[in-house]
K.L.:
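Shown below is the structure under consideration.
For reference, positions follow the sequence shown, starting with 1. All of these numbers come straight from a predicted model, not from anything done at the bench.
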Amino acid sequence: MTRTSIAVWVLILAAWGCQSTPPVDAGDARADVGEAVVDGSPQALLDAAAASSGSRADRLYLDAAEALIAAGDFATARLALEAVDADRLRQNDTARYLLARADEALNRGDVEAARSALLAVDAGRLRDPSAAVFTSAELLAREGRPAAAAGYLIDYRPDSPDGELQQRLNDRIWAYLGEVPPFQTLAMERRSSGVARGWWQLKDLMFRSFTLQEQRRRLATWRESRPDHPAARQPPSALLALEARSAPVSRVGLLLPLSGPLGRAGRAVRDAFIATYLSHRDAIEFEVDVYDSAAEPLANLYERALVRGTGVLIGPLAKESVAQMNQLNPEIPVLALNYLGDDDLPAPNLLQLGLAIEDEAETLTEWLRDAEVERLLLLHNDEDWALRAKQTVTGEWSGALTVQAVEDIRTMTESVGVAMHVAASQQRHSELQDLLGEPLEFLPRARGDVDAILALVTQLEASALVPALKFHFADDVPVYTTSQTVRGANVNRLREFAGFHVSELPWNALNEASYRDLEQAFDLDGSPLMALYALGVDAFRLSERTPLILDGSFTELLGSTGELEFRPDGRIHRRLARSIVTDGTIRALSDTGALSETGALSETRAKALSTQRPDQPTPGDAGVGR
């Protein structure tokens with residue numbers, strides 16, 4: 001054994017000693033050493049590799065790396081791969097080595113390294129060609145193209161798929177579909193056909209269902225209508241779990257401030273919840289109790305709910321009350337309608353859903369990146385929500401960024417001029433005029449290196465922004481803003497904001513039936529409480545799903561406050577609807593996102609599926625036209 005290999009082995013041994021990953025059945029990871037057969041566990045393979053030399057050691061380290069990747073220990077797998085001398089590998093082992101390199105690189109987020117390794121893989125040399133297919137799809141997803149990743153797997157046609165492989169395919173397709181903003185689903189469905197369209201229809205039906213019973217009924221109807229669809233024959237595991245689960249909740253408690261300073265907000269959430277509950281009464285199996293969290297101590301109300309046999313608590317609403325509930329370490333699932341502090345560790349049974357401005361800032365940042373904006377001007381006032389949104393954007397933005405504070409509505413034109421470098425243009429004119437000693441005809445111009453403006457301002461400030469942009473010849477620059485700017489605006493005011501790109505509640509932007517019903521009942525048109533009513537609707541939809549979210553069997557839903565993503569830390573993330581102001585209304589852009597993507601991965605896809613039958617087409621990015 002060389003000095004180098006000994007050093008590598010010491011590192012591997014140290015890394016492995018820090019792990020608690022159990023041995024896995026690595027299948028093909030069993031290897032021969034002389035007359036002995038090495039067990040396929042990572043530890044046995046590492047031991048055997050350390051005791052071997054030359055090409056035999058290389059193969060054993062490679063076997064160990066594959067077993068470690070299967071076990072989820074990517075750090076030790078990387079060390080094992082570094083111990084391999086790739087020049088000594090046979091062609092079949094080279095393909096395995098490159099694929100393992102790609103998998104390991106993807107795990108640590110190095111997309112470029114993964115792409116480079118995957119491009120060099122000869123899939124025809126792999127014992128399991130589908131492994132390259134799954135890695136290629138994951139690379140697409142890591143590039144931020146989950147629709148392309150799903151479409152890639154939808155179009156994959158293995159020669160002789162067994163039940164296990166088909167289940168893996170369907171589970172991975174469903175996972176990638178879950179990463180696609182639901183606002184794009186209808187557009188994807190319209191542009192797809194055949195098997196791909198069936199997948200998009202299924203996603204739309206599942207993500208829009210209000211109740212679990214409705215979800216199960218829609219799934220059964222869809223399967224009956226498409227009996228030959230892969231997802232009908234072998235539904236994704238998440239949907240099988242949904243079919244198998246009985247109603248998990250029989251009593252729900254609403255824990256909201258109905259009096260005091262937050263009484264108006266609490267009553268808005270309550271009214272939306274109860275109205276939605278009554279309209280779906282025949283599809284649910286739980287009763288509702290309402291508690292005024294402002295009337296008595298939270299601990300007393302919690303104990304009363306337990307005595308009543310409550311299965312899920314919705315609330316509290318105030319941030320400090322959420323912290324109190326967390327300290328109680330609740331023994332039943334709780335959906336809090338606000339968030340803990342960033343440094344607070346949530347109790348195991350606590351979920352958090354709120355109306356955080358950070359969610360809107362992330363939605364807008366993602367939208368700007370998708371629009372290929374490279375140079376951004378960020379205007380903001382000094383209100384708390386705007387400063388928090390600014391912090392989120394500046395922390396995520398990687399392009400050129402100019403930040404300009406708007407101190408006062410009366411100085412809006414001046415602030416825009418400073419940001420657009422109009423003042424500098426005027427200064428250069430003055431200096432040149434002084435140098436020449438005679439007056440010069442001059443028309444100031446705004447800078448031309450701004451691709452978009454992100455305006456974190458109030459509605460009144462936005463009204464001043466529109467003429468300020470015209471004054472500085474910048475009215476053709478697209479403006480992006482949050483729902484804070486347009487909330488409660490009447491038709492005439494919205495007409496002033498024509499063309500504004502807005503992160504908006506799906507409830508309003510998609511003009512959902514539930515919104516129309518509550519809008520009439522509670523006169524929500526232009527109401528500043530609209531978001532709280534939407535929060536009440538989402539609280540209803542999540543009430544019976546809360547136990548499923550906590551056990552990991554439910555991961556995403558198109559809600560009224562946004563596309564809801566349920567994260568392991570208990571914080572529910574919202575992605576809002578990408579919307580545009582037009583004709584005095586706010587409407588979602590359903591066609592956001594590219595449906596047919598081309599680029600650096602075309603060669604990767606062709607290589608990954610080089611073992612297909614000659615009559616099979618190369619998979620497209622999104623299953624379009626199939």
K.L.:
Would you say the side-chain atoms of R571 pair up with the backbone N or O of R567, donor to acceptor, closer than 3.5 Å?
P.N.:
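No, because the side chain of R571 does not come within donor-acceptor range (under 3.5 Å) of the backbone of R567.
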
K.L.:
Does the side chain of R226 pick up a donor-acceptor pair with the side chain of Q201 at under 3.5 Å?
P.N.:
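On atom types as modelled, these side chains qualify, holding a pair under 3.5 Å.
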
K.L.:
Can you give me the closest heavy-atom contact between S130 and L165, atom names plus distance?
P.N.:
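Taking S130 first and L165 second, the nearest heavy atoms are OG-CD1, 3.8 Å.
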
K.L.:
Considering only heavy atoms from C-beta outward, does the side chain of L139 approach that of V111 to under 4.5 Å?
P.N.:
yes

K.L.:
Under a 3.5 Å threshold, yes or no: a donor from one side chain and an acceptor from the other, between Q215 and S209?
P.N.:
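The answer is no; no qualifying pair exists.
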
K.L.:
If you take all heavy atoms of T561 and L564, which pair is closest and at what distance?
P.N.:
OG1-CD2, 3.7 Å

K.L.:
Classify the side-chain pair T185/D204 by whether it contains a donor and acceptor separated by less than 3.5 Å.
P.N.:
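Side chains of T185 and D204: no pair found under 3.5 Å.
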
K.L.:
Return yes if some donor-acceptor pair links the side-chain N/O of D58 with the main-chain N/O of L89 below 3.5 Å, else return no.
P.N.:
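Not a single qualifying donor-acceptor pair exists.
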
K.L.:
With no hydrogens and no angle check, is any side-chain donor or acceptor of Q352 less than 3.5 Å from a backbone partner on L340?
P.N.:
yes

K.L.:
Considering all heavy atoms of both residues, which atom of A389 and which atom of A361 are nearest to each other, and what is their separation?
P.N.:
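Smallest interatomic distance, heavy atoms only, reads O-CB, 3.7 Å.
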
K.L.:
Quick one: CG on L368 to CG on L454, what's the gap to the nearest 0.5 Å?
P.N.:
6.0 Å

K.L.:
So does L205 get a backbone contact from the side chain of R218, meaning a donor-acceptor N/O pair under 3.5 Å?
P.N.:
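Present.
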
K.L.:
Which class fits the ring pair H501 and Y480: parallel under 30°, tilted 30 to 60°, perpendicular over 60°?
P.N.:
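Because their plane-to-plane angle is under 30°, the rings of H501 and Y480 count as parallel.
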
K.L.:
Where do W199 and L153 land on the side-chain contact (heavy atoms from CB on, under 4.5 Å) test, with the steps shown first?
P.N.:
CA-CA 11 Å; W199 277 109; L153 295 183; over 6 Å; no

K.L.:
Apply salt bridge (Lys or Arg N to Asp or Glu O under 4.0 Å) to residues E358 and R388 and explain how you reach the verdict.
P.N.:
CA-CA 7 Å; E358 287 83 357; R388 285 160 44 210; 3.0 Å; yes

K.L.:
Quick one: are K203 and E189 in side-chain contact, heavy atoms under 4.5 Å?
P.N.:
no

K.L.:
Does E366 come within less than 4.0 Å of R369, counting only side-chain N to carboxylate O?
P.N.:
no

K.L.:
Got more than 12 heavy atoms from elsewhere within 6.0 Å of CD, E179?
P.N.:
yes

K.L.:
Can you tell me how far apart CG (L550) and CG (L335) are? Round to the nearest 0.5 Å.
P.N.:
9.0 Å

K.L.:
Work out which heavy atom in A141 is nearest to a heavy atom in A149; give both atom names and the distance.
P.N.:
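Closest pair (atom of A141, atom of A149, distance): N-CB, 3.9 Å.
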
K.L.:
Is it the case that more than 12 heavy atoms not belonging to Q391 sit under 6.0 Å from its CD atom?
P.N.:
no

K.L.:
Is it the case that R108 places NZ or CZ above or below the six-membered ring of F74, under 6.0 angstrom from the centre and within 45 degrees of the axis?
P.N.:
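Because its charged atom misses either the 6.0 Å distance or the 45° angle limit, R108 does not stack over F74.
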
K.L.:
Determine the sole option in L62, L68, D63 for which the side-chain contact (heavy atoms from CB on, under 4.5 Å) test with L45 is passed.
P.N.:
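The residue from L62, L68, D63 that satisfies side-chain contact (heavy atoms from CB on, under 4.5 Å) with L45 turns out to be D63.
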
K.L.:
What's the spacing between I173 CD1 and R168 CZ if we round to 0.5 Å?
P.N.:
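These two atoms lie 12.0 Å from each other.
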
K.L.:
Taking A400's backbone N and O only, do any of them form a donor-acceptor pair with W397's side chain (distance below 3.5 Å, no angle check)?
P.N.:
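Looks like yes, one N/O pair under 3.5 Å.
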
K.L.:
About how many Å separate CZ of R101 and CG of L106, when rounded to the nearest 0.5 Å?
P.N.:
13.0 Å

K.L.:
Within this structure, what is the CD-NE2 distance for the pair Q234 and H229, rounded to the nearest 0.5 Å?
P.N.:
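Reported value, rounded in 0.5 Å steps: 12.5 Å.
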
K.L.:
Checking side-chain contact (heavy atoms from CB on, under 4.5 Å) for the pair L177/W174: CA distance, chi angles, key distance, verdict?
P.N.:
CA-CA 5 Å; L177 290 177; W174 189 248; 3.9 Å; yes

